[in-house]
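Down below is the structure, laid out as C-alpha cells.
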There are 2 protein chains.
Amino acid sequence: MASIKDVAQRAGVSIATVSRMMSNKTFVKEETRERIQVAIDELNYRPNRVAQRLRDSQSHILALIVSDIQNPFFSELARAVETLARTRGYSVFICNTDEDPVLEERYLELMSQEQVAGVIISPSRKAAPKLKALHKLNIPIVSVDRRAGDEFDTVLIDNTEAAQRLTEHVIAGGHQKIAGLYGENSFTAEERLVGFQEALAAHNLSAHEVRRCPAFENEGYDAALAMLSSSNPPDALICSSALLATGAYRAVQKLGLNIPDEVGFACFDDPVWTRCVNPAVTVIRQPTRHIGETAAELLLKRIEEPSRSASLIRLQGELVPRESVREPVA
Amino acid sequence: MASIKDVAQRAGVSIATVSRMMSNKTFVKEETRERIQVAIDELNYRPNRVAQRLRDSQSHILALIVSDIQNPFFSELARAVETLARTRGYSVFICNTDEDPVLEERYLELMSQEQVAGVIISPSRKAAPKLKALHKLNIPIVSVDRRAGDEFDTVLIDNTEAAQRLTEHVIAGGHQKIAGLYGENSFTAEERLVGFQEALAAHNLSAHEVRRCPAFENEGYDAALAMLSSSNPPDALICSSALLATGAYRAVQKLGLNIPDEVGFACFDDPVWTRCVNPAVTVIRQPTRHIGETAAELLLKRIEEPSRSASLIRLQGELVPRESVREPVA
DNA sequence: TGTTTGTATGAAATCGTTTACATGATGTTC
DNA sequence: GAACATCATGTAAACGATTTCATACAAACA
C-alpha cells in the first residue's frame, strides 16, 4: 500500500509538503498541490490511520460494548449511538461480548490499547474492576442501562419507578395473584424487582410468586410453565426483560391460557412481537434512542472536558398500555 | 499512559528487553523478567496496539459492515462471526451503515485505513466501486447475503430455490390467489421474486399481485393493507423479508383476517414473533449462524492465502412449516 | 541597499513498538 | 588456554504519519 513517502517521491516534493497539502491547512502552491494530487490518484494513496493515531493520539473513534447485540434494546442503542456520533465526526466500533465477562474484559482492554477516544458500555456485574482500571488511565467511559460506580457517567431508566408504574397498572386491572419473573445476576432486574414489590406492598398485596432465572428465552419458558401450571397459578405475570417474556409468552400459549382473562401479561422492553400478537402486550418501553443519544453526548462532553464531574442521568420508562392486562374496573 | 520506555527505565533495562520479555519468546533471565514485571505492574503498563500495528501490520482485527444492526438476521450474523473469529484469535469491529451508501463507503474507507485484516460486508447496490477499489489494495473481503462481483468470496443462501420451495408449499396448501410483497433495490429480494414466479409458473399460475416497496415495517404495512383490502384480495401473502412481514402481519391483524383460512401467510427470515403469534407463521429460516461462520472462515482463509481464487458458497434455506398456511389437501 | 514580511518548502524529531545486528558474559570442549 | 557455543542484553533502524524549526526566495518597505 502506497505511503506518503511514495507520493512525495513521485511528486518530487518532501513528505512534509504532502502532509500539508492533505490537511490543506498551510501554504502550498497551487501548482504543487496539483502535482501531488496527480501522484495521489496514480498511487491510490490513502493516509494510514494507524500512523496518524500513533502520532497525535486523537482517534475520533468511539467504542460501544454491549452484552448481546441480538437483543433489540442493544441494537437500537447501537444505532442511536452511531447516528449521534456521526453528526459529530466520530465513528463507532461495536463490540459484542455475548454476556461473557472474559470477553468483556478483553474488549475493554483492546479498546484501551486501540486508543479509542471513549467507551460506552453496559457493564456486567464483573466489569467493575476493569472499568476502574481504565478510568485510572483516563479513558472516558459512559455506562448505560446498568450502574458501574459513582465515578462513571451513567444513563439509564428509573427501573424501580417504572416497575412500580407497571405493577400499579396490573393491580388496577383487578389482578390479585401477581407473579414476577426476573433475571438473576442483573442489576437492572434487581431494581425492577424492588419497584414490583413496593407497588404490591403499597396495596397491601404481596407477590404471588417470584422466580429468578438466567435471562434467556428457554429459561423463561421453563420458569413460566412451572408457575402457570401449578395447582395455584397466578392470575397475572410480569417479566423483567424481553427474552424472559418471549419464553414466558410461549408458555402461556402452550397452556392455551386466555390473556388477559385467565392470566394478565406484561413486561419490560418492547420487542416487535408484543405488537403482533393478539391481544397485544402491555409493556414498559425504554426510550432507547434517547438513552443512546444521551450516552453519546455525555461521552463526547467528557472527551472534551475530562475533568467534569460524573453525572447520573435517569430517564423515564414509558408505560404502553395494550390489551394483555384487564381493563381497570371503574 | 506509560510506554515501554517508562517500563525499561524503571526496570533499568533497554526497551528491547522489555519487548522480548512481553512476547516471552527469547532469552530473558528470570531475575530480569521479574524486575520488569514489577515495573509493568507499578506503571500499569499496556502495550500500545496502535504502535504494534504500525510496526508489523498484522492487526488481528476483522470488520463486519452491516446495513442494519437492528435486523435480527444481521445481529445474529454478527454474533456468529464474532464467535468464530474469537476462536482464531481475532476480534471484530461491527459497523452499522443504516442502509446509507455514503456511510457504507465511509466505513469501508475507514476500515482500510485502520489496517484491519479483512472485511465482511453485506454490500448495498452502490458499494461495488468502493469494494473493487479496496480489492485492488489487496484488502481481503467477503460478501454475505448479497453478491458484489465475481472477484469476491461470497456466502449467501440460494434465494431463488428457497423462494420456490416456499411458494410450492403455499400452493400445496391450496392457495390460488397468491400475492407477493418484495423489497425494492435489493439483490436478495430480486432473487426471491424470481423463485416465487418460477414456482407459480410451474403450476400454471401467475402472481395474483406483486408489490415492491422499501423494506421497512411501515411500508410493508401500507402495501399489505392496500392489497388485502382491495375488492379482489389475495388468499395468501408471501413477504420477502422480516421487516416487511412484520408490517404486513399487522395489516392482516388490523383487518381481522383469519389465518390461514382467509389468507395464508408466509415469509423469509424467522423473527421471534413468528413463533409467538397464533397460528405461528411458516417461514424460510436462513442458516444465519452457518452463514456467519462460513464467511468468517472464508475470510481467514483468504487472509492466510491471499491469492486463492474467490469462491461462491450457497447455503440452503430451511423451510419451517407452521400453521399460517393451509394444510396440503391430501 | 538593507531590512522586513509573507509564502513555499525541506530536514528532522516524534509517537510506541519490534527486530536485525552487535556485543558481552559465561561455560564447554579439545 | 584458545576457540566456540549459548545466553542475555543493548543499539539503532523501521513502520507512516504530523509538526517544529530552519531556510530560501520573492516582494515590500525604508
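Letters A, B, ... mirror the listed sequences (proteins, then strands); counts begin at 1. This one's a predicted model, so the numbers in the text were calculated from it and none came from an experiment. Values below: all heavy atoms of this structure, side chains included; hydrogens, waters and symmetry mates excluded.
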Within the structure, does a side-chain N or O atom of [X] lie under 4.0 Å from either OP1 or OP2 of [N]?
| X | N | answer |
| --- | --- | --- |
| A:Lys5 | D:dC15 | yes |
| B:Ser19 | C:dT18 | yes |
| B:Gln52 | C:dT18 | yes |
| B:Thr17 | D:dA8 | no |
| B:Thr32 | D:dT9 | yes |

Can you measure [X] atom [atom1] to [N] atom [atom2] for me and round it to whole angstrom units?
| X | N | atom1 | atom2 | result |
| --- | --- | --- | --- | --- |
| A:Leu54 | D:dT19 | CG | P | 13 Å |
| B:Arg49 | C:dT18 | CZ | P | 11 Å |
| A:Arg53 | C:dG16 | CZ | P | 14 Å |
| A:Met22 | D:dA17 | CE | C1' | 11 Å |
| B:Glu31 | C:dA25 | CD | P | 16 Å |
| A:Ile4 | C:dA12 | CD1 | C1' | 14 Å |
| A:Gln9 | D:dG16 | CD | P | 13 Å |
| B:Met21 | C:dT17 | CE | P | 13 Å |

Assign [X] to base, sugar-phosphate, or nothing according to its heavy-atom contacts below 4.0 angstrom with the strands shown.
| X | result |
| --- | --- |
| A:Arg33 | nothing |
| A:Ser23 | nothing |
| A:Val28 | sugar-phosphate |
| A:Val13 | sugar-phosphate |

Regarding [X] and [Y], is there a side-chain donor-to-acceptor distance under 3.5 Å anywhere?
| X | Y | answer |
| --- | --- | --- |
| A:Asn159 | A:Thr188 | no |
| B:Gln115 | B:Ser59 | no |
| A:Gln37 | A:Asp41 | yes |

Can you work out whether B:Lys29 or A:Ala16 has the more 5'-proximal nearest nucleotide on DNA chain D?
B:Lys29

Side chains of residues 126-134 of chain B: which donor-acceptor partners sit under 3.5 Å, not counting sequence neighbours?
residue: B:Lys130; atom: NZ; partner: B:Glu109; partner atom: OE1; Å: 2.5
residue: B:Lys132; atom: NZ; partner: B:Glu151; partner atom: OE2; Å: 3.1

Is it the case that over 12 heavy atoms from other parts of the model lie below 6.0 angstrom from the CD atom of A:Gln9?
no

Tell whether B:Arg20 reaches the base of D:dG10 with its side chain through a donor-acceptor pair below 3.5 angstrom.
yes

Minimum-distance nucleotide to B:Arg55 side chain [options: D:dA8, C:dT18, D:dT18]
C:dT18

